[in-house]
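Here is the structure we will look at, set down as structure tokens.
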Amino acid sequence: MTINGASELYGIIGDPVSHSLSPAMHNAAFAELGLNKVYVPLPTKNVKDALIGLKALGFKGVSVTIPHKQEVIPHLDSIDPVAKKIGAVNTLLFKDNCIYGANTDWLGANRALEEKTKLRGKKVLLLGAGGSARALGFGLLEAGAEVCIANRTADKGKLLADLLQCSYTALPNLENSNADILINTTSVGMTPNTDATPFPQEGLKHFSVVMDIVYAPQKTRLLREAEEKGCQIINGLAMLLFQGAAQFELWTGHQAPIDVMRQHLLAGLAK
Ligand code: NAP
């Protein structure tokens, strides 16, 4: 990659950002298409000041990660309607001196799912009620799926179900679920607690597709056990990849080079 006076600037704001795989993924994609653009990590404590600075410096696009996905919203000039419903923004586009906010987490999750199954009319059991569950829940409803939430803390689960206007089921009822698709949005099973699983293996045979948004390890215990039960499985890397691809496409107007982006994500995870 050659950086020169004409290079266009992109980056990621969050705290911390040193672990982020996005710079490797986006820079590889820019290089693959021969675009004179560069993507840098931008450790950020104060969002308001950061946005003023990014605008002044002529940044074209920025990813937003924890803890700023909600905090960034009051500082936007416009927001995508689904991102507004979700209440979280992970992508900024700077254009005509205005800042537009979008959420590509749900787009990434839906695209990862749609590689294996259609979503319209499908019943989805969503485990978890945190930030990711909220993004995926709204996204699944956008795609015409029927969603049911289950969560360790029932009050939080019911609150999200009310917000999504969908059903809630208590954890002991999980094995009796009649859903087609199971999605884990909790952190259960994530490194270093790789022996943990959010769902009993016996109940997995009811699902045709099981997705885990945890991406370290790539194949969680939930996914291993789901595969043993004959389910199609989707890992968290697919969601991470496709949310990045949606950002790339919004920023550049070009189709994202998926294979190159995947290779660089895998190389980053292997480190
Ligand atoms: P969050 O807002 O903190 O929510 C965490 C959820 O996990 C809550 O529902 C919580 O339940 C549940 N939980 C945590 N520990 C649990 C346990 N021991 N047993 C049962 N439930 C438990 O987190 P988040 O931002 O949604 O992220 C969740 C996971 O998704 C993380 O592993 C993150 O790395 C991953 N993620 C992946 C991608 C991707 O692109 N693949 C993107 C974003 C996030 P309570 O309500 O009971 O506390």
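Order of listing sets the numbers, starting from 1, for every ligand and every atom in it.
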*Could you list who else is in Val260's hydrophobic cluster, with ILVMFWY side chains joined at under 4.5 Å, directly or through other members?*
none
*Can you pull the residues with any heavy atom under 4.0 Å from ligand 1?*
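For ligand 1, the residues that come within the 4.0 Å heavy-atom cutoff are Gly128, Ala129, Gly130, Gly131, Ser132, Asn151, Arg152, Thr153, Lys156, Thr185, Thr186, Ser187, Val188, Met190, Ile213, Val214, Tyr215, Gly236, Met239, Leu240.
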*In chain order, what residues pass the side chain to side chain contact (heavy atoms under 4.5 Å, CB included) check against Pro198, with sequence neighbours excluded?*
Leu127, Asn184, Thr186, Val188, Leu222
*Partners meeting ring-ring contact (aromatic ring centres under 6.0 Å, His included) with Tyr10 (sequence neighbours left out)*: Phe30, Trp251
_Under 3.5 Å: donor-acceptor pair, side chain of Asn193, backbone of Ala196_ = no
*Could you check if a side-chain atom of Ile99 sits within less than 4.5 angstrom of a side-chain atom of Val62, using non-hydrogen atoms only?*
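Of all side-chain heavy-atom pairs linking Val62 with Ile99, none is under 4.5 Å.
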*With a 4.5 Å limit on heavy-atom distance, are the side chains of Thr91 and Gln243 in contact?*
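No, side chains not in contact.
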